[in-house]
Amino acid sequence: MTDTFHASRPIYIQLAERIQRQILRGELAPGDKLPSVREMGIQSSVNPNTVQRTYRELEGMNIVETKRGQGTFVTEDKTVLDVMRNSLKKEEISRFVTGMHQMGYTDREIESGLTDFLNSSREEPKQ
């Protein structure tokens, strides 16, 4: 998890997004304990204060919960995780569509291209 961070956005937000994606991919399951602030700081090559802010941000979104003396855990609330999943999906789609519009593609061209892409990726033989 020592990927580089982009200077254009706060590190704590980027780290929160990484953790959310780990949850989406199933690398972190509901109820799993996150690394301690110090451990996460070392793993991510960031200041522990940044990790603390990340955990507070995720806690404010109800994605994680801190249990005094035990650590920080991924929520077991399926509704919260479903909302997070849908929100991240909308963000990614928005980024994609905005980029395509900036290149001059119409909604119809985007939809057609996406449909073609999805259909062709299903038809490709797996090796």
Side-chain angles (χ1 to χ4, degrees):
M1 196 156 61
T2 57
D3 300 316
T4 58
F5 292 100
H6 302 283
S8 60
R9 300 181 55 232
I11 291 173
Y12 79 96
I13 291 175
Q14 293 177 67
L15 189 54
E17 289 170 347
R18 286 182 188 176
I19 293 169
Q20 289 175 327
R21 282 177 169 73
Q22 286 180 307
I23 294 168
L24 286 178
R25 288 190 301 263
E27 294 169 16
L28 288 171
D32 277 359
K33 184 178 180 189
L34 297 180
S36 71
V37 168
R38 186 177 299 276
E39 289 173 50
M40 180 64 83
I42 292 168
Q43 288 175 10
S44 305
S45 301
V46 300
N47 186 300
N49 292 333
T50 302
V51 176
Q52 186 63 47
R53 188 166 181 190
T54 299
Y55 284 7
R56 271 197 317 269
E57 181 80 11
L58 291 170
E59 193 165 18
M61 298 165 72
N62 297 317
I63 294 169
V64 302
E65 57 184 281
T66 301
K67 298 178 184 175
R68 197 170 197 78
Q70 295 179 39
T72 303
F73 299 82
V74 175
T75 186
E76 296 186 54
D77 186 336
K78 185 171 175 7
T79 303
V80 168
L81 296 175
D82 287 344
V83 167
M84 177 193 74
R85 181 179 179 82
N86 285 324
S87 174
L88 291 174
K89 177 177 66 175
K90 283 182 181 180
E91 287 175 26
E92 286 298 319
I93 291 170
S94 176
R95 243 182 250 131
F96 169 74
V97 170
T98 298
M100 295 298 285
H101 283 156
Q102 289 172 347
M103 289 188 284
Y105 291 99
T106 65
D107 286 348
R108 182 166 287 181
E109 289 173 314
I110 294 168
E111 186 177 357
S112 172
L114 188 55
T115 299
D116 291 347
F117 176 82
L118 291 173
N119 288 336
S120 69
S121 67
R122 277 185 245 152
E123 295 168 3
E124 290 178 10
K126 302 207 175 179
Q127 297 178 357

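When a residue number appears, it is its place in the shown sequence, counting from 1.
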Looking at side-chain heavy atoms only, is the closest gap between [X] and [Y] below 4.5 Å?
X	Y	answer
Ser44	Leu15	yes
Val46	Tyr12	no
Tyr55	Thr66	no

Backbone of Val83 reached by a side-chain donor or acceptor of Ser87 within 3.5 Å: no
Donor-acceptor under 3.5 Å (Thr75 side chain, Asp77 main chain): yes
Interatomic distance, [X] atom [atom1] to [Y] atom [atom2] [nearest 0.5 angstrom]:
X	Y	atom1	atom2	value
His101	Glu109	NE2	CD	9.5 Å
Met84	Leu58	CE	CG	9.0 Å
Leu81	Ile63	CG	CD1	7.5 Å
Ile13	Gln20	CD1	CD	10.5 Å
Thr98	Met100	OG1	CE	11.5 Å
Ser8	Gln14	OG	CD	6.5 Å

Residue from Glu39, Arg38, Lys33 passing side-chain hydrogen bond (donor to acceptor under 3.5 Å, both in side chains) with Ser36: Glu39
Co-membership, hydrophobic cluster, residues Leu88 and Phe96, 4.5 Å side-chain: no
Same cluster (ILVMFWY, side-chain, under 4.5 Å), Phe117 and Met103: no
Salt-bridge contact Arg18-Glu27 (side-chain N to carboxylate O under 4.0 Å): no
Carboxylate-amine/guanidinium contact Glu59 Arg56, below 4.0 Å: no
Candidate list Thr72, Val74, Thr54, test side chain to side chain contact (heavy atoms under 4.5 Å, CB included), partner Ile19, passing option: Thr54
Crowding at CZ, Phe73 (>12 non-hydrogen neighbours, <6.0 Å): yes
Residue Arg21 excluded, over 12 heavy atoms near CZ under 6.0 Å: yes
Stepwise salt bridge (Lys or Arg N to Asp or Glu O under 4.0 Å) test for Arg108 and Glu111: CA-CA 5 Å; Arg108 182 166 287 181; Glu111 186 177 357; over 6 Å; no
